[in-house]
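The model shown is predicted, which means the values in this text are computed figures rather than measured ones. A note on names: the letters A, B, ... follow the listed sequences, proteins ahead of strands, and every chain is numbered from 1.
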Number of protein chains: 2
Amino acid sequence: MELPGVNPARQKRSREMTEALLEAGKRLLARRSLAELSVEELCASIGASVGAFYSRFQSKEAYFQALQLLACRRATEALAGDGAPERFAGRPLAEICLAIAKGGVGWMRAYEGVARAALQHGGTHPARWTPFKELGREVQERWRPLLLARLGRSARRRNERAVGFAFQLLYGTMVNIVLNDPGPLSLGDPDLPEQLARAMAAALRGA
Amino acid sequence: MELPGVNPARQKRSREMTEALLEAGKRLLARRSLAELSVEELCASIGASVGAFYSRFQSKEAYFQALQLLACRRATEALAGDGAPERFAGRPLAEICLAIAKGGVGWMRAYEGVARAALQHGGTHPARWTPFKELGREVQERWRPLLLARLGRSARRRNERAVGFAFQLLYGTMVNIVLNDPGPLSLGDPDLPEQLARAMAAALRGA
DNA sequence: CAAGAATGATAATTATGGTTCTCATTCTTG
DNA sequence: CAAGAATGAGAACCATAATTATCATTCTTG
């Protein structure tokens, strides 16, 4: 695995430490923002030293980019494997929406901290957010044909817009949950995927 | 107007400067995050000095809290005046939802920068977000009775949850637009309130 | 129109935390 | 089992930006 801004480790100990640093970041970011997570604290948490960190990662920002890239890679893999849209071709709209929502929520649950950190400066620090935005676009593109197929042949233009808005509802609600957890539904709520799916389906049907 | 963390100005010039500082913050935050907006830059933008700033505001954070409080105050006023829910009692569900969505979007448009800054550290810096969360709760509480009245008498519990989720969709989508503007609809899009209202209504009906 | 309070300009202070440096230690490999 | 590369500990360095201190200027008011 080659990541930009990350000097490849040639010795085993170093590879393990790199891995541990990435794992620790994923864990610690569940509680602090990236700015609040100092390199020193990060290293201390796994008994490494700052020097070690910088002999591996070109900068704190590069470290975070790597973290983010790994999270996105996992999602892309899922999109090609178990969660592949093709498996739902021909299924009813409600079922497709549920699969989409489950996939999204599941991923968010796994990468909550990384996602939050990336989101926190999405608007002002575009580079930090780009991989996630890219991922969102990719997911939507993969599902779109199936949704359009369920939506009748007329008003193609309008239907496409409806698909975009359905995803906007999905992503928006999830983002707000991750950032602010306003309730009533939280990320851990078992009903969440179902509710989101219902909202998406309604938005699509009502187009 | 007394604001916590703000030393009241006793001379006119100073009052004007306080006002100008708050106004400048509202404007500048449209482009940068709060962290990126240095006190020095803020002051320079209106030809004031850092010392002047600190003779008025106890800290940068207090300054931002004041900014936020003013924005919330405006919303609360609107809720008591033109945008009062009571004016829509007895109207159809779709119309009520549209009024809600219009109110929310309109407010976001007016206070986009302040809202974004508050949102950016909502999760990790609870104090910064609290007034907004409070406002959201208040808005929802004011509209809830009208919505429930439109939703049939049975399954009260379920209906209340549906109202909560409808607002979660609304707020979530708006928050994500403000933070990341993912499209297809942007904050400035004339269709936005209508689309959001439709989604809310669908979520409510499908409860 | 003074006297004293309020204000504000400027420069110093400080805290934080990312980044770099140095050198001892540990691997790898011929 | 050396020799040289890779690694890592720890401290030093530095940049940024919030905050505070000092003192001249401007208001207010009796």
Exam field: side chain B/Q168 to backbone A/L185, donor-acceptor pair closer than 3.5 Å: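 At least one qualifying donor-acceptor pair exists.
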Partner set under salt bridge (charged side-chain N to carboxylate O under 4.0 Å, His left out) for [X], not counting sequence neighbours:
| X | result |
| --- | --- |
| B/D189 | A/R161 |
| B/E61 | B/R128 |
| A/E2 | none |

Side chain to side chain contact (heavy atoms under 4.5 Å, CB included) partners for B/R116, two or more places apart: B/E112, B/Q120, B/V178, B/L179
Pairs involving residues 170-197 of chain B, ordered by first then second residue, that meet ring-ring contact (aromatic ring centres under 6.0 Å, His included) (sequence neighbours left out): B/F167-B/Y171
Contact list for residues 21-56 of chain A, test ring-ring contact (aromatic ring centres under 6.0 Å, His included), sequence neighbours left out: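 Sorted pair list: A/F53-A/F57, A/F53-A/Y63.
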Per-nucleotide protein contact string for nucleotides 10-30 of chain D, where B marks a base within reach and S marks sugar-phosphate only (heavy atoms under 4.0 Å, - for neither): B-------SBB------S---
Phosphate OP1/OP2 of C/dA6: any B/S14 side-chain N/O under 4.0 Å: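 No, because none of the side-chain N or O atoms of B/S14 sits under 4.0 Å from OP1 or OP2 of C/dA6.
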Expressed in angstrom and rounded to an integer, what is the separation of [X] atom [atom1] from [N] atom [atom2]?
| X | N | atom1 | atom2 | value |
| --- | --- | --- | --- | --- |
| B/N7 | C/dA6 | CG | P | 11 Å |
| A/L21 | D/dT7 | CG | P | 13 Å |
| A/F57 | C/dT20 | CZ | P | 15 Å |
| A/R56 | C/dG18 | CZ | P | 19 Å |

For B/F88, all residues meeting ring pair (Phe, Tyr, Trp, His ring centres under 6.0 Å), sequence neighbours excluded: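 Per chain and number, B/F88 pairs via ring pair (Phe, Tyr, Trp, His ring centres under 6.0 Å) with B/W143.
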Runs of at least three Watson-Crick or G-U pairs with DNA chain C, cut-off 3.5 Å: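 In DNA chain C, stems of three or more pairs: C:1-30 with D:1-30.
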